[in-house]
Amino acid sequence: MSQSLHFFTPSSNITLPKHHSSLFTPSLTTSNRRFPVTTKHFTIKSNASSSSSDPKVLTTDNGTAEILSRVSQTPASSTDSSSIEVDSVTEAELKENGFRSTRRTKLVCTIGPATCGFEQLEALAVGGMNVARINMCHGTREWHRRVIERVRRLNEEKGFAVAIMMDTEGSEIHMGDLSGPPSARAEDGEIWTFTVRAFDSPRPERTITVNYDGFAEDVKVGDELLVDGGMVRFEVIEKIGPDVKCRCTDPGLLLPRANLTFWRDGSLVRERNAMLPTISPKDWLDIDFGITEGVDFIAISFVKSAEVINHLKSYIAARSRDSFFGAMLPPSSTPITPLAYKGFPTIYCSDIAVIAKIESIDSLKNLEEIILASDGAMVARGDLGAQIPLEQVPSAQQKIVQLCRQLNKPVIVASQLLESMIEYPTPTRAEVADVSEAVRQRADALMLSGESAMGQFPDKALTVLRSVSLRIEKWWREEKRHEAMELPDVGSSFAESISEEICNSAAKMANNLEVDALFVYTKTGHMASLLSRCRPDCPIFAFTSTTSVRRRLNLRWGLIPFRLSFSDDMESNLNRTFSLLKARGMIKSGDLVIAVSDVLQSIQVMNVP
Ligand SMILES: Nc1ncnc2c1ncn2[C@@H]1O[C@H](COP(=O)(O)OP(=O)(O)OP(=O)(O)O)[C@@H](O)[C@H]1O
Ligand SMILES: CC(=O)C(=O)O
Ligand SMILES: [K+]
Ligand SMILES: [Mg+2]
């Protein structure tokens, strides 16, 4: 079997932006298909099937690689606009403002009491939420089920494509609920009791329960106890059986289930913590819940090594296979044969993507292996800032964002981006600068936590993320602020290397030719992710035939995912796409597009007919 890649010299009749058109000589048109005069062919010979993991041999009929351009002029074959799906917000944005205006940075919102209603969720979707995050630290499974159901209904009824991310509790030490009030204030010098006792009746005043049985044994008088990484501080003054008496040294607000760390002689005490499993028995039940509910992402808290990610991925794969036959494995089952853990084959082997939350010292130590094993990562600055000195968080963030991009994994920057907006309608200047920095680093996504879960201004906070993203993206596009980044090969086979080369070249061509959009036809989403990794100037329209791939691509920088069934015939795919998008006013005649596909590893440059 052989697949042809048509590489042509750039003597086509493509319309280029004015300042470029002098570089090219238009060619003659003879039929409704216009081809440039000179053509050079590459043939990719595949041994058996066209599966991207097959070894392939690249040959060229004259040995010269040249820039490809191809003009397609075939008239529209179908105008059935219902057969392409894109989210309604993007559609409106494209119609009103055109390609350049689309936001490249994706937005994740944590859903909590402030945003769990249908209308509130709709307002977030309209405001640009790409992913809704539910945090299993809080609320009941029934509560989360209702949120998932509402998001799904919103997608179905209103044409959004909001993906769902479930975030596990993890087994780090944290406070219990405050039994009633949403928060409590600890004042300077007050004595509070932290206890592992359970209370049936209302607990005594200034008493906080702790989830970890070994707590009272582990702490020592004189230790410093930090709530949420230092939002409130206590000093341990006395231990009485299961109770630990502490004096407040830094007053502040105590939130339910806030994380607790304790420090001795200036360093974090974590020996016992290290023995807690990353995925607790309760987390396994939550994960089963997530799989059953069909969430798109599972984010794992306090990841320490790649092993736990591999284990979970095997488990998800086994569960999806088993549910195919109507059976289910218990959460404790030993993992099945591990899957390939390097490069792209890991990413889309099952329907749920696993996101590693980088929020512990161990996760920083094993960063590369963790990111390689995962389908994405989150810079969970809240807990990270409780485990390493705060002044080290920005460089850790930069490093994680960069590594994820190099390894082609999506990365989310999370926590305290707009913390003051929990209470106030405008952000601080420092918060805006922080958001700008994450956008400038070109993280795939930014996340709201308390701002959207329980803040007073969730929609306003989302608007700030949206407008700051748009402004900074425009700024670095216009002023070419972005420094080039070395993008190493991530594929393990020759076919994957071809895909990478195609995407790297297509993104470069797109910038140089100032095209309006990149189109990618992708079954697994992999080619789309490779284009996104290049962070090109123009938006990337990703066409994929599966709804779940489409929702997952929502987390990727610059991708506009469409659901569209397509064939192996690129010519007909393109013509169909053009007519569908034109019918809906999302593109127009003359727009310049570069299309790549993993159906037929190819690059084409053309004007929309
Ligand atoms: N489902 C929920 N029900 C009630 N309150 C919630 C819920 N989800 C979040 N919250 C509130 O919003 C705050 C911030 O939420 P978020 O999930 O981001 O916590 P976090 O501490 O940043 O994350 P993590 O627990 O994963 O470290 C929480 O402290 C909690 O008060
Ligand atoms: C998001 C999260 O888990 C953190 O910042 O700690
Ligand atoms: K969590
Ligand atoms: Mg955390």
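Counting convention: from 1, in listed order, for ligands and their atoms alike.
Nearest N/O/S atom of Glu359 with respect to the Mg ion (ligand 4) is recorded as OE1. Looking at Asp383 and the Mg ion (ligand 4) together, the shortest N, O or S contact belongs to OD2. Within Asp167, the N, O or S atom lying nearest to the K ion (ligand 3) carries the name OD1.
Close approach of ligand 2 to Arg381 (heavy-atom distance below 4.0 Å) involves ligand atoms 5 (O). In summary, the atoms of ligand 2 found under 4.0 Å from a heavy atom of Gly382, numbered by their order in the structure, are 4 (C), 5 (O), 6 (O).
Under the 30°/60° scheme for interplanar angles, the aromatic rings of Phe234 and Phe194 are found to stand perpendicular.
Below 3.5 Å of separation, one finds an N or O of Ser415 facing an N or O of ligand 2. Looking at Glu359 next to ligand 2, an N or O pair under 3.5 Å apart turns up.
Classification of Arg133 and Asp167 as a salt-bridged pair holds, one side-chain N sitting under 4.0 Å from a carboxylate O. Salt bridge status for Arg533 with Asp444: absent, with no side-chain N to carboxylate O gap under 4.0 Å. Asp375 and Lys409 are not joined by a salt bridge, as no carboxylate oxygen comes within less than 4.0 angstrom of a charged side-chain nitrogen.
Rounding to the nearest 10°, we obtain 150° for the angle at the K ion (ligand 3) between Ser301 OG and Asn135 OD1.
Taking the ring axis of Phe118 as reference, the NZ or CZ atom of Arg153 stays within 45° of it and closer than 6.0 Å to the ring centre. Stacking of Arg233 on the aromatic ring of Trp263 is not recorded, the 6.0 Å distance cut-off and the 45° axial limit not both being met.
Counting protein heavy atoms only, atom 3 (O) of ligand 2 is closest to Lys357 NZ, 2.7 Å. Summary of contacts: the protein heavy atom closest to atom 2 (C) of ligand 2 is Ala380 CB, 3.5 Å.
Within the 4.5 Å cutoff, the side chain of His144 has no heavy atoms near those of the Asp286 side chain.
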